[in-house]
Amino acid sequence: MERRCSLDKTSIAPVIEVENLCKSYKKLRAVDCVSFSVNKGEVFGLIGPDGAGKTSIIQILAGALKADSGRAFINGIDVIKSPEKVKALIGYMPQGLGLNLYDSLSVEENIEFFRGLRLIPDEIFEKNKKTLLDITRLTPFLKRQAKALSGGMRQKLALICTLLHLPEIILLDEPTTGVDPLSRQDFWNIIHGLVRQKGVTVILTTSYMDEAERCHRIALMHEGKILLQGKPEEIGNLEDVFIEKVTGKRYFLPSFQRNRENSSKNESIITCHSVTKTFGKFKAVDSVNLEVKRGEILGLLGPNGAGKTTLIKMMCGLLPPTEGSISIAGFDVKREKDKVWSIIGYMSQRFSLYKDLTVMENMKLYAGLYSVKKNNFGEIIEMLGLKGFERRLTKDLPLGIRQRIALACAMLHEPPILFLDEPTSGVDPIARRSFWNIIFELSRQKNVTVIVSTHYMDEAENCDRLCLMHHGRVIADGSPEEIKKNSEKLSGSLLQIKSDKFMEIYDLLIKNFKDISVYGSKIFLRTFEPEKTQQVLIQTLENAGFTQFEISQIPVPLQEAFVDYIRESEHA
């Protein structure tokens, strides 16, 4: 369960103040008259898609980028006029998986290097190092090179290097982008544990709308402007609010997204039997058995390094399995690769188009690669909403449009099976919903089978079935509803406690209840006896003099279920 600290309401003096901040890159207005303030001990989130202006604001506050106009203060120091003066007060972690690390150095050597940069005295260094290694659980990996770490572990090491001098203010730029949900949870536990224990102030940026709930306050951004600010619980569903603010209307997914019992899905079109893939001594995929029905939307979920991409590449015939067999529409992938390639479309995790070509030039290139004789460009352009972009250079288009072009190229030969490897990472909510509208239409109306990997839990909810992987193995398989329901058998039901005095209540309950956490202004508790536990909670709180509180049982979110299965598999 994700743990978050809560804002100490006695500390209200702003430690960060931003007034009418502006920054342009040639004709692009990246930051457009942005204003906000952050209190001491607060976690403030700049939430929005790629290109919203979040990174530019963080870089200006870190003294790494000069603003065109406006003012910014950290602890009363003018960042615009004296950027060097604030650097001793802050810890700055740039965007990218461990971008501030040295790959050829070990975990310990990276930590020592950053200690030297900060000139941290021995006594303080050893104390801080031990604290940070304990909470990140990286002590067993001190001798491992940074390049050999998973994405989540790289982010934890990058955080250690950022926090070695235990700064008063932490600036985190997209710290969890590309990181799996389990590592994201660990990361948030670390951040909010430090905030609660040390009283540090955090500004972070993220494109994950669900992460807003872990912040005390947020600013929702789009195209350099703040659309609205406030507490997440007062704003409501951020994705819905974002879409309505930008477009002026609500944008729903089609109702057939919940049609999970289509009779056409009885026929298996993909079968994996005891599929294993090893690289040297490393087993990336371990004895996977999987069947996918025709027209089904299957979501592949799992931590970084779980084997999702390797499994997709084997199903596509791009990697041969070490053991086992894979059948695609009756063709053996290993022996009949050419036939398999003619009936599948593959959209890779990394952007695969030619940026210096126009949309139409990219499509013609891929049509040649697929030996497509029938010109169905117009139909696909119309279906994917690309009309008017045909002559535009790909590099000049927003990420969401580029993702649709990549999908268009994968669909040119009208394959009955589509493989999409993290297709919406970093795109804005409007583009994501548009993309999923297309996926639903392909599945429901054209009976196309779609296999999609994603780290977005809200996207996983849209799939007919989920396949959770960990350490190369399938650890859960079922509909989103089944996955969440079964997680209650692993970790119990979820109780939610609301109160204006939630921190005082948390301090009281943490002494008697093990699996408890603060999540914004709410307290979460997992229990196998919800009714009995609820009565104990009421009695405990009333005996301690608390009168204003609300306790309710709520459904287990998919994020929580994901973590339950991972933990269960590690203890098996």
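Numbering of residues begins at 1 and proceeds along the displayed sequence.
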Among all residues two or more places apart in sequence or in another chain, which pass the side-chain contact (heavy atoms from CB on, under 4.5 Å) test with P530?
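Residues passing side-chain contact (heavy atoms from CB on, under 4.5 Å) with P530: S493, L495, T527, Q553.
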Given side chains that start at C-beta, do those of [X] and [Y] come closer than 4.5 Å, heavy atoms only?
X	Y	answer
R214	I191	no
P423	L407	no
M363	I381	yes
D464	K293	no
N289	S274	yes
F419	L318	no
H413	W341	no
L290	L298	yes

Show your reasoning for whether side chain to side chain contact (heavy atoms under 4.5 Å, CB included) applies to I405 and Y366.
CA-CA 11 Å; I405 301 165; Y366 274 82; over 6 Å; no
Locate the shortest heavy-atom distance separating [X] from [Y]; write the atom from each residue and the value.
X	Y	result
T394	V359	OG1-N, 4.2 Å
A367	F377	CB-CZ, 3.8 Å
C215	P232	O-CG, 3.5 Å
K334	P321	NZ-O, 3.8 Å

SB check [X] [Y] (cutoff 4.0 Å):
X	Y	answer
K339	E336	yes
K54	E174	yes
K489	E568	no

Review item, side-chain donor-acceptor pairs of residues 467-477, under 3.5 Å, at least two apart:
residue, atom, partner, partner atom, Å
H470, NE2, E570, OE2, 3.1
R473, NE, D286, OD2, 3.1
R473, NH2, D286, OD2, 3.3
D477, OD1, R465, NH1, 2.8
D477, OD2, R465, NH1, 3.0

Examine distances only and state if a side-chain atom of [X] and a backbone atom of [Y] form a donor-acceptor pair shorter than 3.5 Å.
X	Y	result
S327	D332	no
T322	T278	yes
E296	R294	no
K277	P320	yes
S453	E422	yes
E461	P480	no

Got a sec, which residues hit side-chain hydrogen bond (donor to acceptor under 3.5 Å, both in side chains) with [X], two or more places apart in sequence or on another chain?
X	value
E239	R432, R433
S491	D564
T55	D173
E361	T358

With I451, which of I297, L420, I270, L418 fulfils side chain to side chain contact (heavy atoms under 4.5 Å, CB included)?
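By the side chain to side chain contact (heavy atoms under 4.5 Å, CB included) criterion, I451 pairs with just one of I297, L420, I270, L418: I270.
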After noting the C-alpha distance and the side-chain angles of Q559 and V563, does the key distance pass the side chain to side chain contact (heavy atoms under 4.5 Å, CB included) rule?
CA-CA 7 Å; Q559 165 80 25; V563 174; 4.1 Å; yes
Could you walk me through whether S487 and R526 pass the side chain to side chain contact (heavy atoms under 4.5 Å, CB included) check?
CA-CA 11 Å; S487 79; R526 296 296 289 270; 4.2 Å; yes
Are more than 12 heavy atoms from other residues, nucleotides or ligands located less than 6.0 Å from atom NZ of K313?
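For K313, atom NZ is not crowded (no more than 12 foreign heavy atoms under 6.0 Å).
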